[in-house]
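Below: one structure in C-alpha cells.
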Amino acid sequence: MNMKHTLISGLLMLVGGSASAGEVEVLHWWTSGGEARSVSLLKEKIQAQGNHWKDFAIAGGGGESAMTVLKTRAVSGNPPSAAQIKGHDIQEWGRLGFLTDLNDVAAADHWSTILPPVARQIMMYDGDYVAVPVNIHRVNWLWANPKVFAKVGVDVPKSLDEFFVAAEKIQKAGYVPLAHGGQPWQNVTLFEAVALAVLGPADYQRAFVELDMSVLGGDNMVDVFTQFRRMRDYVGTSYRGRDWNSATAMVSSGEAAMQIMGDWAKGEFEADGKIPGQDYLCMAAPGTQGLFTYNIDSFAFFKLTDEANSQAQKDLARAILDKDFQFSFNLSKGSIPVRMDMDLAEFDQCAKDSLEVFKQSSQSGGLVPSVSQGLATTSYVQAAIFDVVSNFFNAKTADPKQAADRLARAVKSAM
C-alpha cells in the first residue's frame, strides 16, 4: 500500500469522518513543486475527515504578498480558518484579537509533551495556544552538487575561508559558484548564515533577538558585511529577482555548485528525482557546524462564527500534529517533524543530521531563530534589516562600516 493510501486509511480510522462537516480555508504560500506536493497531503487529510478544503494559495516564497491579502480579509471580517503565520507575527495577530484558542485540542493531544519548548513558546499568546506548528526547518544549510566539485577538483567548503577559495576555482571553471536569488528575504537568508559564522550564536542572539546596538553597529558586524559582500562576486550576473527554487534548480542541474538555503530546498531536489548523497549534498553553511538556525512553519487559527467551520478548524489543528501527517508531510517538504516523539528511521541522512543538531544545539546554546523567516524579531525590525541588507548587497559600491552603522540606526528606529 503506498504512502497516500496509508495516510488516508489511517485518517479515516482516526476520525471516522465528521458528522458536522465544515469548511477549512487555509492561506499559505506553498506553491513551488515540492511545497505544493506537501500541502496537498494536508488537503487529502482534511477531506478524508469529511471536511471541505478551500485552498487559499498566494505565490511568494517569503509570504509578503500573502500577509497583505490576509490583513485585508481579516479587517473586513472575513478571515480564513487558518493562515501560514510565523514567529512574532503570531503575537501581533493575537494582540489584535483575531485569533481563537486551541487549548482543548492541545490538552487532549498532549502538546506540552510532544512539542519542543521553542515551538510551544512561539505558538502561544497570553497563555493560550493560538497556532499549530507544522515542522522544523534548518535554515543554515549548504546544498552542493558533488559532480561539479569533482569536475573542478575542490572540496565542499566547511569554513568561510574555504568557501572563497573553492568559489574562485569553481567560477574559473565556468560554473556559478553560488546559486542565489536577489529577493530581500533570500539576501537576508545568506546574510544571517554569514552572521552566524562570524558572530557565533551568542552575539547573533544579541544582535537580532535582543537588538543590542553595540553588536549591530560593532566591528564584528562590519566583518559580517565584508564577508557577505564578497559573496556577491560569486552569484553570477542575473541573480536579481530569481526565485529560490529556480536557484535550487541551478544546483540540481549542475549549472551551479552551491546554494545556501533552508532545507525546503531538499523538497525541490526530491521533486527533481535527485538522490541525497549522490546527486546533492547537505552540509552546514560554512562556519556554522553544530549550530542550528531554525524556522518553524505554523498556522495561526482565526475566530470564526460558523459552528461547523469552527469544528472543522479543530479537526485541522489535530490533523497537522497527527503522526501520519507529520511523517508524510516532512518527508515531502524536506523538514523534520515538530513532534519530538517520532522515529526518523525512514528519513534521509540530511533529516537525521538536522534532528541531531537541533537537539544538541537546544542544549548548547547553538539554536538561534532565523531573521529571514520572521522568527527572530518583529516584522517592523525585520523589514528594516531586509532593507539595509538588500540595498548593501545590490549596490554597485558599498562600505561595510557604513552598512553596520545604517543597520543599527534602522533597527533602533523600527523598535
Side-chain angles (χ1 to χ4, degrees), residues 32-34 61 137-183 185-198 226-289 291 293 334 348-350 353-354 372 393-394:
S32 73
H137 281 295
R138 188 184 188 189
V139 183
N140 59 312
W141 279 114
L142 176 73
W143 305 95
N145 186 313
K147 295 176 183 177
V148 173
F149 277 89
K151 289 178 181 178
V152 177
V154 293
D155 294 328
V156 180
K158 295 182 180 179
S159 68
L160 287 175
D161 287 343
E162 290 178 2
F163 172 85
F164 292 115
V165 171
E168 187 67 23
K169 293 179 180 179
I170 291 166
Q171 187 159 265
K172 287 181 178 178
Y175 300 95
V176 175
L178 185 66
H180 180 67
Q183 298 164 338
W185 75 271
Q186 292 190 65
N187 290 335
V188 176
T189 297
L190 181 59
F191 175 80
E192 70 184 21
V194 176
L196 184 58
V198 173
T226 300
Q227 304 303 324
F228 176 60
R229 179 69 180 188
R230 290 179 68 190
M231 294 276 190
R232 205 189 76 167
D233 294 337
Y234 301 105
V235 299
T237 57
S238 58
Y239 71 92
R240 296 194 188 200
R242 179 184 291 139
D243 289 333
W244 70 268
N245 51 309
S246 297
T248 305
M250 293 172 64
V251 179
S252 183
S253 68
E255 179 184 352
M258 297 174 280
Q259 181 186 23
I260 293 176
M261 183 53 62
D263 51 18
W264 48 89
K266 187 172 63 174
E268 299 302 303
F269 287 115
E270 292 185 358
D272 200 23
K274 303 300 183 182
I275 301 172
Q278 177 179 311
D279 300 312
Y280 67 94
L281 305 175
C282 54
M283 301 177 64
T288 69
Q289 287 79 9
L291 307 178
T293 307
D348 61 34
Q349 195 59 47
C350 298
D353 291 347
S354 185
S372 66
F393 192 74
N394 293 326

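Just so it is clear, the values below take in all heavy atoms, side chains as well, and ignore hydrogens, waters and symmetry mates.
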Please find the pair of heavy atoms, one from Pro286 and one from Pro157, that lie closest to each other, and give the distance.
CG-O, 4.3 Å

Compare every heavy atom of Val152 with every heavy atom of Ala173, then report the nearest pair and how far apart it is.
CB-CG2, 3.8 Å

For Thr288 and Ala193, the nearest pair of non-hydrogen atoms, with its separation, is CG2-O, 3.7 Å

Main chain of Lys158, side chain of Glu162: is a donor-acceptor contact present, judged purely on distance under 3.5 Å?
yes

I'd like to know if the side chain of Glu255 and the backbone of Ala249 have a donor-acceptor N/O pair within less than 3.5 Å.
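Looks like no, no N/O pair under 3.5 Å.
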
Considering all heavy atoms, the nearest Asn394-Arg240 contact
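That would be O-NH2, 2.6 Å.
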
Show the nearest heavy-atom pair for residues Val176 and Tyr234, with the distance to one decimal.
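The answer is CG1-O, 4.0 Å.
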
Over all atoms of both residues, closest heavy-atom pair of Asn140 and Thr293:
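Looking at all heavy atoms of both residues, the closest pair is OD1-N, 2.9 Å.
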
Does atom NZ of Lys274 have more than 12 heavy-atom neighbours from other groups under 6.0 Å away?
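Yes, NZ of Lys274 has more than 12 neighbouring heavy atoms, counting only those of other groups under 6.0 Å.
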
Look at the aromatic rings of Trp185 and Trp264 and report parallel, tilted or perpendicular, splitting at 30° and 60°.
tilted

Has the side chain of Glu192 got a donor or acceptor atom that lies under 3.5 Å from a matching backbone atom of Ser372?
yes

Trace of the salt bridge (Lys or Arg N to Asp or Glu O under 4.0 Å) decision for Arg138 with Asp353:
CA-CA 10 Å; Arg138 188 184 188 189; Asp353 291 347; over 6 Å; no

Side chain of Asp272, backbone of Glu268: donor and acceptor closer than 3.5 Å?
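Absent.
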
Describe, in one word, how the ring planes of Trp143 and Tyr280 are oriented to each other, choosing from parallel (under 30°), tilted (30 to 60°) and perpendicular (over 60°).
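Aromatic pair Trp143/Tyr280 classed tilted.
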
Any donor-acceptor pair under 3.5 Å linking the side chain of Arg242 with the backbone of Ser238?
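Such a contact is found between Arg242 side chain and Ser238 backbone.
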
Test side chain to side chain donor-acceptor pair (under 3.5 Å) applied to Gln186 and Asp243, step by step
CA-CA 9 Å; Gln186 292 190 65; Asp243 289 333; 5.6 Å; no

Would you say the ring centroid of Phe393 lies under 6.0 angstrom from that of Tyr239?
yes

Can you check side chain to side chain donor-acceptor pair (under 3.5 Å) on Gln171 and Glu168, steps first, answer last?
CA-CA 5 Å; Gln171 187 159 265; Glu168 187 67 23; 4.7 Å; no

